[in-house]
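What follows is a single structure, written as structure tokens, with notes after it.
One is the number of the first residue; the rest follow in order along the sequence.
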Amino acid sequence: ETEHGDLDISPGTIEWIMKNVQTSRYNTERCYVYNKAFARYYDNHNPNQTTLADLHRQDTNGLDQYNGKTIAGALSPTGVQDGKPEEDCGCSDNVDRSEWNIFDYIREWADERGLYENGDTKTQALKLTEEVGETCRAILKQDDDEIIDGIGDCVVVLTNLAELHGVSIEECIAKAYDEIKGRTGKMNNGTFKKD
């Protein structure tokens with residue numbers, strides 16, 4: 001029993017956990033799964049009776065198209081889970097996106113294109129350098145549309161770079177904010193100089 005309800009350990013939940021567990025970057029003796037992704041899996045399936053292999057056999061419409069990885073937890077065999085009509089949620093593929101943020105959409109887009117399966121951090125780091133260069137060029141030209149586009153492209157690449165490294169962009173941002181939130185200093189020639 002938890003404060004959020006009962007959790008049953010079963011073949012389905014064990015299999016999902018083993019497919020999605022990550023080793024902590026900060027302590028290799030620890031590991032974790034993403035709570036939101038696990039909650040999606042748990043809400044949309046009957047983990048007491050169903051293993052991922054069963055899901056794959058039962059469904060021919062790609063219910064387990066991600067081979068049990070995190071995104072499969074968001075796929076619902078019964079359609080959109082929040083009661084909204086399909087046309088209101090902007091989706092038609094039985095994925096409940098009601099709690100998604102923009103980074104979830106970026107990861108879905110990248111995963112569908114094989115970036116996480118076939119890409120690597122080195123190519124994404126080079127791509128980031130390219131996008132930063134384009135953003136700098138837009139700033140020098142004072143091209144507002146291209147500046148916005150360039151910043152957005154950098155965020156997309158950073159999201160994918162984090163995912164390929166085995167962490168989420170949200171985790172990276174939270175860690176960075178935790179480091180700067182109490183920082184003091186002053187502006188000097190347009191640059192913040194920390195104390």
Side-chain angles (χ1 to χ4, degrees), residues 20 22-26 32 34-37 39-40 62 65-67 69-76 80-82 84-195:
N20 290 279
Q22 301 282 327
T23 302
S24 171
R25 287 179 54 205
Y26 309 107
Y32 65 93
Y34 287 106
N35 294 340
K36 184 191 275 188
R40 286 178 181 155
Q65 63 182 312
Y66 298 101
N67 192 27
K69 291 294 185 181
T70 300
I71 198 165
L75 299 173
S76 168
V80 179
Q81 296 295 298
D82 60 6
K84 294 179 184 175
E86 187 173 290
E87 60 270 21
D88 290 347
C89 74
C91 58
S92 60
D93 55 3
N94 291 337
V95 176
D96 179 3
R97 295 179 174 86
S98 61
E99 295 184 19
W100 277 28
N101 62 39
I102 191 66
F103 300 116
D104 292 316
Y105 287 100
I106 292 168
R107 286 185 286 259
E108 179 184 52
W109 173 89
D111 192 47
E112 287 175 350
R113 285 153 182 79
L115 195 144
Y116 300 141
E117 185 176 347
N118 301 311
D120 64 57
T121 54
K122 296 183 292 299
T123 57
Q124 282 303 294
L126 290 171
K127 181 70 174 167
L128 179 61
T129 303
E130 175 187 341
E131 298 297 353
V132 168
E134 290 178 7
T135 304
C136 291
R137 182 168 49 249
I139 290 169
L140 292 174
K141 291 182 176 182
Q142 298 180 341
D143 186 332
D144 288 343
D145 288 340
E146 288 299 315
I147 291 169
I148 293 167
D149 183 65
I151 292 169
D153 287 344
C154 289
V155 171
V156 168
V157 175
L158 284 168
T159 301
N160 294 330
L161 180 59
E163 193 72 12
L164 284 164
H165 191 64
V167 296
S168 69
I169 188 73
E170 296 94 331
E171 183 181 345
C172 296
I173 292 168
K175 182 166 174 35
Y177 177 72
D178 196 48
E179 289 178 5
I180 67 166
K181 66 184 178 185
R183 189 173 288 168
T184 59
K186 60 184 177 181
M187 292 297 295
N188 185 1
N189 293 327
T191 302
F192 180 79
K193 302 284 187 179
K194 64 180 180 178
D195 291 333

Rounded distance [0.5 Å steps], [atom1] in [X] versus [atom2] in [Y]:
X      : Y      : atom1 : atom2 : result
Lys186 : Asp195 : NZ    : CG    : 8.0 Å
Asn118 : Tyr116 : CG    : OH    : 13.0 Å
Asp111 : Arg113 : CG    : CZ    : 10.5 Å
Thr135 : Leu140 : OG1   : CG    : 11.0 Å
Thr159 : Gln124 : OG1   : CD    : 10.0 Å
Arg137 : Asp143 : CZ    : CG    : 10.5 Å

Less than 4.5 Å apart, any side-chain heavy atom of Asn101 and any of Asp104?
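The answer is yes, as the side chains (C-beta and beyond) meet within the 4.5 Å cut-off.
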
Review point. Below 4.5 Å, heavy atoms only, C-beta onward: do Thr121 and Leu161 meet side chain to side chain?
Key: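 They are in contact (side-chain heavy atoms under 4.5 Å apart), so the answer is yes.
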
- Task: Take Thr123 and Leu126 through the test side-chain contact (heavy atoms from CB on, under 4.5 Å) and record every step on the way to the result.
- Result: CA-CA 5 Å; Thr123 57; Leu126 290 171; 5.5 Å; no

Whether over 12 other heavy atoms sit under 6.0 Å from [X] [atom1]:
X      : atom1 : result
Phe192 : CZ    : yes
Gln142 : CD    : no
Glu170 : CD    : yes

Original post:
Which heavy atom of Ser168 sits nearest a heavy atom of Glu163, and at what distance?
Top reply: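 So the two residues come closest at CA-OE1, 4.4 Å.
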
Tell me whether Asn188 contacts the main-chain N or O of Thr191 through its side chain, where contact means a donor paired with an acceptor under 3.5 Å.
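Between the backbone of Thr191 and the side chain of Asn188 there is no qualifying donor-acceptor contact (under 3.5 Å).
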
Query raised in the report: Under the criterion side chain to side chain contact (heavy atoms under 4.5 Å, CB included), which of Leu115, Leu128, Ile169 is the partner of Asn160?
Result: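 Passing option: Leu115.
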
- Query: Is Lys175 salt-bridged to Glu171, going by a charged N under 4.0 Å from an acidic O?
  - Reply: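 Salt bridge flag = no for Glu171 with Lys175.
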
